[in-house]
Asker: 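Below is a structure I'd like to ask you about.
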Protein chains: 2
Amino acid sequence: MSMTNVSDEVFAALADPVRREILVRLSRGGPQTTGALTSRMGMTRQGASRHLATLESCGLITSRRHGRVILRELNPAPLRGTEAWIQSLANQWDERLERLKRQYE
Amino acid sequence: MSMTNVSDEVFAALADPVRREILVRLSRGGPQTTGALTSRMGMTRQGASRHLATLESCGLITSRRHGRVILRELNPAPLRGTEAWIQSLANQWDERLERLKRQYE
DNA sequence: TATATATGCAACACTATCGTTGCATAACAT
DNA sequence: ATGTTATGCAACGATAGTGTTGCATATATA
C-alpha cells in the first residue's frame, strides 16, 4: 500500500473543527437534516451546508432525500484509510526503534 | 473525553500531503537533516523548512542540534490522539447501529 | 393559488496558507 | 581570515478556503 495520496481529501476534510463537530453530531444523533445539524453551531445555514458538501464529496457522509428534507448520514468507511495510515506510520517507527534496540544489545 | 478540540493542530498538520510524506520519510529513515529530507521532494529548502516548523509546533517531530546540523526526529505520540478520535467516532456509530438493530429484532 | 419551509448556487470580501526570493546567522573547513 | 555549509527570518505574490448575502428552486401546507 502506497503511503502517499491515501484519502487525501479525507485528511483535508478532517482538518476543519466545524466538520469534525458535524461528524460527531452525526455519529451520536444519527441521520439529521441540515437545519438540525446547523442549529447551535454559530454559523449560517449556507456555511454549514458547504461543509456538508465537502464531507459528502470525500464520502464521509451520505444523503437521502425525503420530500423537501435531506437527511445526512455518517459513513465511517473512509475513516478506516486514515486510521490505517496513522497506525502504519506509528508502527514503522516502533519497528525501527526495535531494530536499533536489538542492534545495541 | 471531549470530542472537540482534540489535537486541532495535529489534524491541520496532517492535512498537507507534503507534511505526511515528511512524516513517512522520518518513520522509515530515522532522524535526518533538513537537506536530506528536502532533496527529491520538489521544493525549496525554505518551503520544506516551514513544513518542518509546522510539524514541530504541534509536536509531531522533535529536533536536536549537532553543531550546525539539526536532526529531525519523528514523535508519533500526538498521533495517538487523532487515532483515538477517529476510532471513537467510528465506534459510536457502530454502537448506534447495534442499538437500532436490537430495537427492531 | 398563495405561503412557508428546506435546500442549492453564485458572487463577494476576508483570511489563511503556500512556495518563492533575498538577506542574516552560525558552525565547520582550508 | 575566508569560504562553504546548514539553517532561520521576513516579505512578497499567488492560490485556496471560509462565511456571508442574495437569488433561485422544489416541496409541503393553508
Side-chain angles (χ1 to χ4, degrees), chain A residues 4-5 7-26 29-74 78 82, chain B residues 4-5 7-26 29-75 82:
Chain A
T4 55
N5 272 340
S7 53
D8 203 340
E9 275 183 297
V10 179
F11 272 114
L14 291 178
D16 192 296
V18 174
R19 287 194 287 266
R20 290 203 303 278
E21 183 173 349
I22 289 176
L23 293 179
V24 171
R25 291 191 181 204
L26 283 175
Q32 296 169 57
T33 66
T34 307
L37 224 41
T38 301
S39 67
R40 295 184 303 273
M41 209 150 70
M43 186 178 303
T44 328
R45 177 187 61 83
Q46 284 84 349
S49 180
R50 182 172 294 181
H51 285 301
L52 289 173
T54 301
L55 288 169
E56 184 163 13
S57 160
C58 71
L60 279 172
I61 65 176
T62 58
S63 57
R64 287 171 295 152
R65 180 154 222 143
H66 291 269
R68 66 181 164 183
V69 169
I70 295 186
L71 285 181
R72 317 286 184 169
E73 181 171 349
L74 176 67
T82 74
Chain B
T4 54
N5 271 340
S7 53
D8 203 340
E9 275 184 299
V10 179
F11 272 114
L14 290 177
D16 191 296
V18 174
R19 288 194 286 265
R20 290 203 302 276
E21 182 173 349
I22 289 175
L23 292 179
V24 170
R25 291 192 180 204
L26 283 175
Q32 296 167 56
T33 66
T34 307
L37 225 41
T38 301
S39 67
R40 296 184 302 274
M41 208 150 69
M43 186 178 301
T44 329
R45 175 187 62 82
Q46 284 83 350
S49 181
R50 181 172 296 181
H51 284 300
L52 290 173
T54 301
L55 289 170
E56 185 163 13
S57 160
C58 71
L60 279 172
I61 64 176
T62 58
S63 58
R64 287 171 296 152
R65 181 153 220 145
H66 292 269
R68 65 181 163 184
V69 170
I70 296 186
L71 286 181
R72 317 285 183 169
E73 182 171 349
L74 176 66
N75 178 33
T82 74

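Note that the structure is predicted; figures quoted are calculated from it, not measured. A note on names: the letters A, B, ... follow the listed sequences, proteins ahead of strands, and every chain is numbered from 1.
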Asker: Is it true that a side-chain atom of A:Thr54 and a backbone atom of A:Arg50 form a donor plus acceptor pair closer than 3.5 Å?
Answerer: yes
Asker: Nearest 0.5 Å please: distance from the CG atom of A:Leu37 over to the CD1 atom of A:Ile22.
Answerer: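 Going from the CG atom of A:Leu37 to the CD1 atom of A:Ile22 covers 5.5 Å.
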Asker: Applying side chain to side chain donor-acceptor pair (under 3.5 Å) as the test, list every pair that has at least one member in residues 29-45 of chain B; sequence neighbours left out.
Answerer: B:Thr34-B:Arg72
Asker: Where do A:Ala15 and B:Ala15 come nearest, in terms of heavy atoms and distance?
Answerer: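 It is CB-CB, 3.6 Å.
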Asker: For residues 58-67 of chain A, which residues have at least one heavy atom under 4.0 Å from DNA chain C?
Answerer: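 Close to the strand, none.
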Asker: Over all heavy atoms of both residues, which pair between B:Ser57 and B:Glu9 is shortest? Give the atoms and the distance, please.
Answerer: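 Distance-wise, the nearest heavy atoms are OG-OE2, 3.3 Å.
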Asker: Taking any atom under 4.0 angstrom from a heavy atom of chain A, which nucleotides of DNA chain D are the first and last to qualify, 5' to 3'?
Answerer: D:dT18 to D:dA28
Asker: Please confirm whether the backbone N or O of B:Leu14 pairs with a side-chain atom of B:Arg20, one donor and one acceptor, at under 3.5 Å?
Answerer: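 It does hold such a pair.
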Asker: Rounded to the nearest 0.5 Å, what's the gap from CG on B:Leu55 to CG on B:Asn75? Could you check?
Answerer: 11.0 Å
Asker: For A:Leu74 and A:Leu60, which heavy atoms make the closest approach, and how far apart are they?
Answerer: CD1-O, 3.5 Å
Asker: In whole Å, I'd like the distance from the CZ atom of B:Arg68 to the P atom of C:dA27.
Answerer: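 That distance rounds to 11 Å.
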Asker: With sequence neighbours excluded, tell me which residues meet salt bridge (charged side-chain N to carboxylate O under 4.0 Å, His left out) with B:Arg25.
Answerer: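 Applying salt bridge (charged side-chain N to carboxylate O under 4.0 Å, His left out) to B:Arg25 gives B:Glu21.
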Asker: Let's see if you get this right: which residues in residues 46-56 of chain B place a heavy atom under 4.0 Å from DNA chain C?
Answerer: B:Gln46, B:Gly47, B:Arg50, B:His51
Asker: With sequence neighbours left out, what residues match A:Arg65 under salt bridge (charged side-chain N to carboxylate O under 4.0 Å, His left out)?
Answerer: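 In terms of salt bridge (charged side-chain N to carboxylate O under 4.0 Å, His left out), with neighbours along the sequence ignored, A:Arg65 is linked to no residue.
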